Amino acid sequence: MTLTIFQSDEEFFSHNHSALRTLMSEAYEDDFSEEDWLHTYGGIRFVGTYDGEIVTHGAVVPREIHINGQARRVGYLEGVAVSRRFQGRGFGSELMSTISETCAIQHELSMLSTDEFKFYDKFGWRRFEGKSGVVINGAVTLTPDEDDGLMYLVGDSSPSEEIRTAYCDWREGDYW
Ligand SMILES: CC(C)(COP(=O)(O)OP(=O)(O)OC[C@H]1O[C@@H](n2cnc3c(N)ncnc32)[C@H](O)[C@@H]1OP(=O)(O)O)[C@@H](O)C(=O)NCCC(=O)NCCS
């Protein structure tokens, strides 16, 4: 039996919405809000199945983020999870390997927010060392509490760059 990872289409998603939503709540031990779930919409949804059961999920959603003062379309990673019963078997790594390859091909820059740094750094994600913020009604409010949790991945064809500032647009729930 092997893990099969694929990009979910609308039909798969609508048939399996409730199983995916349950997987998120269970993997995050009920620390996954409705806003967190809504943040997974609008991009590519990666799903992993094992013996017919949905066991992994992760989504890459395009967001406009102002990087060093310039508006950029960034691939933003949301809702990475492995079903609790299947954690520690390498499924999360397989998922992140696939997602990171896609991010590197499709986006000059990708970002995520986490406190599981070691999990992501072996796939090329680097710690953000700049200042983060959110744009509300055209004005930037710094989000210093978020700085430490942000990571980024530079695209395959992009020059390495130093990110001094990253300002996202406002959204319900966590900005980052
Ligand atoms: C984090 C998560 C996706 C990892 O999935 P997994 O299938 O258990 O991970 P793997 O078995 O592929 O392990 C990958 C590596 O990460 C490490 N790891 C796994 N879970 C970890 C965790 N919670 N914190 C830190 N490291 C972790 C493993 O020790 C392993 O290290 P190694 O490669 O040096 O041996 C999974 O534990 C999960 O869904 N957690 C709850 C939700 C969550 O925290 N998501 C990420 C938040 S941004």
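One-based numbering, in listed order, for ligands and for the atoms of each. The shown structure was predicted, so the numbers you read here are calculated from the model rather than taken from an experiment.
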Do any N or O atoms from the side chain of [X] and from the backbone of [Y] form a donor-acceptor pair under 3.5 angstrom?
| X | Y | value |
| --- | --- | --- |
| Ser97 | Ser93 | no |
| Ser83 | Val55 | no |
| Asp36 | Phe32 | no |
| Asn68 | Thr165 | yes |

Within the structure, does [X] bring an N/O atom to less than 3.5 angstrom of an N/O atom in ligand 1?
| X | result |
| --- | --- |
| Gly92 | yes |
| Phe86 | no |
| Val80 | yes |

- Step through it carefully: locate the ring centre of His39, locate the ring centre of Trp176, and say whether they are under 6.0 Å apart. no
Heavy atoms of the protein only: does one fall short of 4.0 Å from [atom]?
| atom | answer |
| --- | --- |
| atom 19 (C) of ligand 1 | no |
| atom 24 (N) of ligand 1 | yes |
| atom 28 (C) of ligand 1 | no |
| atom 15 (C) of ligand 1 | yes |
| atom 35 (O) of ligand 1 | no |

- Message: Quick one, Ile99 and Val60 - any side-chain contact, counting heavy atoms below 4.5 Å?
- Response: yes
- Query: Is there a side-chain contact between Leu109 and Glu161, using heavy atoms and a 4.5 Å cut-off?
  - Reply: yes
For ligand 1, the portion of [X] having any non-hydrogen atom under 4.0 Å away:
| X | answer |
| --- | --- |
| Tyr120 | side chain |
| Arg89 | backbone |
| Glu116 | side chain |

Give the residue, atom name and distance (to 0.1 Å) of the protein heavy atom nearest [atom].
| atom | result |
| --- | --- |
| atom 39 (O) of ligand 1 | Val82 N, 2.8 Å |
| atom 41 (C) of ligand 1 | Ala27 O, 3.4 Å |
| atom 40 (N) of ligand 1 | Gln87 NE2, 3.6 Å |
| atom 8 (O) of ligand 1 | Gly88 N, 2.8 Å |
| atom 31 (O) of ligand 1 | Lys122 NZ, 4.1 Å |

- Honestly, is Arg63 close enough over Trp170, meaning NZ or CZ under 6.0 Å from the six-membered ring centre and within 45° of the axis? no
- Check whether NZ of the Lys or CZ of the Arg Arg45 lies under 6.0 Å from the centre of the six-membered ring of Tyr41 and within 45 degrees of that ring's axis. yes
- Task: Decide side-chain hydrogen bond (donor to acceptor under 3.5 Å, both in side chains) for His66 and Arg72; before the verdict, give the C-alpha distance in whole Å, the side-chain angles of both, and the deciding distance to 0.1 Å.
- Result: CA-CA 6 Å; His66 289 75; Arg72 302 270 294 274; over 6 Å; no
Return the option from [options] holding the heavy atom at the smallest distance from [atom].
| atom | options | result |
| --- | --- | --- |
| atom 42 (C) of ligand 1 | Tyr28, Phe119, Phe32 | Tyr28 |
| atom 12 (O) of ligand 1 | Gly48, Ser93, Gly79, Ser113 | Ser93 |
| atom 10 (P) of ligand 1 | Ser97, Gly149, Gly90 | Gly90 |

- Message: For Phe123 and Phe119, take the angle between the two ring planes, folded into 0 to 90°, and tell me which bin it lands in: parallel under 30, tilted 30 to 60, perpendicular over 60.
- Response: perpendicular
- Message: Angle between ring planes, Tyr50 versus Phe91, binned at 30° and 60°: parallel, tilted or perpendicular?
- Response: tilted
- Query: Under a heavy-atom criterion of less than 4.0 Å, does Arg84 contact ligand 1?
  - Reply: no
